[in-house]
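Written out below as structure tokens is the structure these notes cover.
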2 protein chains.
Amino acid sequence: MARFTPRQDEQEGLVENQDIRKAGLKVTLPRVKILEILENSEARHVSAEDVYKQLLANDEEIGLATVYRVLTQFEGAGLVERHQFDGGHSVFELNRGTHHDHIVCIRCGKVEEFVDESIEKRQREIATEKGFEIADHSLVIYGECKKENCPNLKE
Amino acid sequence: MARFTPRQDEQEGLVENQDIRKAGLKVTLPRVKILEILENSEARHVSAEDVYKQLLANDEEIGLATVYRVLTQFEGAGLVERHQFDGGHSVFELNRGTHHDHIVCIRCGKVEEFVDESIEKRQREIATEKGFEIADHSLVIYGECKKENCPNLKE
DNA sequence: ATTACAAATGCACAAGCTTCTCATTTCCAC
DNA sequence: GTGGAAATGAGAAGCTTGTGCATTTGTAAT
Ligand SMILES: [Mn+2]
Ligand SMILES: [Mn+2]
Ligand SMILES: [Zn+2]
Ligand SMILES: [Zn+2]
């Protein structure tokens, strides 16, 4: 009966297992579960602690150290991106292949995304002017979202 | 002879003592020394640890906790600005009253500054589009500075 | 100059986030 | 199925930043 049992990744129709392999990493249960959480989580931008708490809620016995290790490896492999919004701790999001910047509500923490080609272009020009070979950039706008939408302002 | 002894701050021709007072803070030796370091330090952008090490080098007996406390108070008073470049720890710089953004060399850590009004304007427009009341923003370009200038690339 | 008291400091300690250590377990090529 | 390298879990440790408290310092009024 074992002969016709499909492998788990085929069974569940997941594409991410191949992504993990492509990154040169062994396909382990923690890595698969963490990737699932990144895919399915309500919030697109999550901290390591957020991922860990989700794992606990799903009764997965995965250590916090592993979460940090795996997220860092996924970052190195280009599977996820790490951001450092003000406040010190990192947040991660699945790399969907399209660059974007962020606007964050300083009251409720909501994160929205945007792309502006004219800003991108000016950044490239500035780097060139300064003699820098640009590798990356981080643009975060901080503000207060609309009062009627902001969960931290119901008075 | 004491009658005609000028106060120390007049004696040294420093303007910052008044700035500290204007912020509603007592003019204490640690605060004066820390402000001096921010004014005179070679690097415009320094970490709390950098400031602390400078103090030690100057034989000042000022605790690291005081450095953090004072820098945070100066930030609150608008005397200094705090930035969170990638890497986890904060860097501080004297507030010279003019907003600017930063471009950082990922090899040697060098920081240069720039202002681009078209980027500033687009940011304001994007915030408005998204229904955010803009409070602040952080734009950092990461790249590699010119090889002949980069101290971490002499081969 | 002395006094008087709130404010600030230094030290030790603690919090919060992240990384490391290492014994044990898991994946995977054979 | 087995072997062995790679990965994990649990906890300790590291790093930056903040706090509690006894002591010192700055300030303004004597
Ligand atoms: Mn995003
Ligand atoms: Mn600057
Ligand atoms: Zn909000
Ligand atoms: Zn450089």
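What you see is a predicted model, and the numbers here were worked out from it, not measured in a lab.
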Atom pair distance, as rounded to whole Å: [atom1] in [X] and [atom2] in [N]:
X        : N       : atom1 : atom2 : answer
Leu71(B) : dT17(D) : CG    : C1'   : 11 Å
Phe92(A) : dC17(C) : CZ    : C1'   : 11 Å
Asp50(A) : dC17(C) : CG    : P     : 10 Å
Tyr52(A) : dT18(C) : OH    : P     : 14 Å
Leu56(A) : dA10(D) : CG    : P     : 10 Å
Glu60(A) : dT8(D)  : CD    : P     : 13 Å
His89(B) : dT19(C) : NE2   : C1'   : 17 Å
Gln73(A) : dC20(C) : CD    : P     : 12 Å

Exercise for the section: Output every pair passing ring-ring contact (aromatic ring centres under 6.0 Å, His included) with a member in residues 101-153 of chain A, not counting sequence neighbours, ordered by first then second residue. Expected result: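 Non-adjacent pairs meeting ring-ring contact (aromatic ring centres under 6.0 Å, His included): His45(A)-His102(A), His83(A)-His102(A), Phe85(A)-His102(A), His99(A)-His137(A), His100(A)-His102(A).
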
Exercise for the section: Can you establish whether the number of heavy atoms outside Arg124(A) located under 6.0 Å from its atom CZ is more than 12? Expected result: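 Yes.
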
Exercise for the section: Look at the side-chain heavy atoms of Ile, Leu, Val, Met, Phe, Trp and Tyr, link any pair under 4.5 Å apart, and say whether Val91(A) and Val140(B) land in one connected group. Expected result: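 No: no chain of side-chain contacts under 4.5 Å links Val91(A) to Val140(B).
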
Practice task
Kindly work out whether a path of hydrophobic side-chain contacts (I/L/V/M/F/W/Y, heavy atoms less than 4.5 Å apart) joins Ile134(A) to Val115(B).
Solution key: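 No; tracing contacts between hydrophobic side chains, which count when under 4.5 Å, never links both residues.
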
Practice task
Using a cut-off of strictly less than 4.0 Å, decide whether Ser90(B) has a side-chain nitrogen or oxygen near OP1 or OP2 of dT16(D).
Solution key: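 So the side chain of Ser90(B) is outside the cut-off, no N or O lying under 4.0 Å from OP1 or OP2 of dT16(D).
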
Problem - Phosphate contact (dT19(C) OP1 or OP2) by Tyr68(A) side-chain N/O below 4.0 Å - result: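 No, outside the criterion.
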
Handout entry: Leu139(B) vs Leu139(A) side-chain heavy atoms within contact, under 4.5 Å
Key =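 Yes, side chains in contact.
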
Practice task
On DNA chain C, check which nucleotide each of Arg31(B) and Ala65(B) is closest to and give me the residue with the more 5' one.
Solution key: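 Nearest nucleotide further toward 5': that of Arg31(B).
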
Handout entry: Comparing Thr66(A) and Glu49(A) on DNA chain C - which has the more 5′ nearest nucleotide
Key =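 Going by which nucleotide is closer to the 5' end, it is Glu49(A).
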
Handout entry: Nucleotide nearest Ile62(B) (side chain, heavy atoms from C-beta), chosen from dT9(C), dG10(C), dC17(C)
Key =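 Ranking dT9(C), dG10(C), dC17(C) by closest atom to the Ile62(B) side chain puts dG10(C) first.
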
Exercise for the section: Would you classify Ser47(A) as touching base, sugar-phosphate or nothing, given that sugar-phosphate means primed atoms plus P, OP1 and OP2, and contacts are heavy atoms under 4.0 Å? Expected result: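 No contact at all - Ser47(A) keeps every heavy atom at 4.0 Å or more from the nucleic acid.
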
Exercise for the section: Give Glu61(A) one of three labels, base, sugar-phosphate or nothing, depending on what nucleic acid heavy atoms sit under 4.0 Å from its own. Expected result: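 Sugar-phosphate contact only.
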
Handout entry: Contact pattern, 5' to 3', of nucleotides 22-28 of chain C - B, S or - by protein heavy atom under 4.0 Å
Key = ----BBS

Practice task
Take Thr66(B) and Arg31(B) through the test side chain to side chain donor-acceptor pair (under 3.5 Å) and record every step on the way to the result.
Solution key: CA-CA 9 Å; Thr66(B) 300; Arg31(B) 299 213 257 238; over 6 Å; no

Problem - All pairs passing side chain to side chain donor-acceptor pair (under 3.5 Å) where residues 47-56 of chain B contributes a residue, at least two apart - result: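 Every pair satisfying side chain to side chain donor-acceptor pair (under 3.5 Å) with a residue in residues 47-56 of chain B: Ser47(B)-Asp50(B).
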
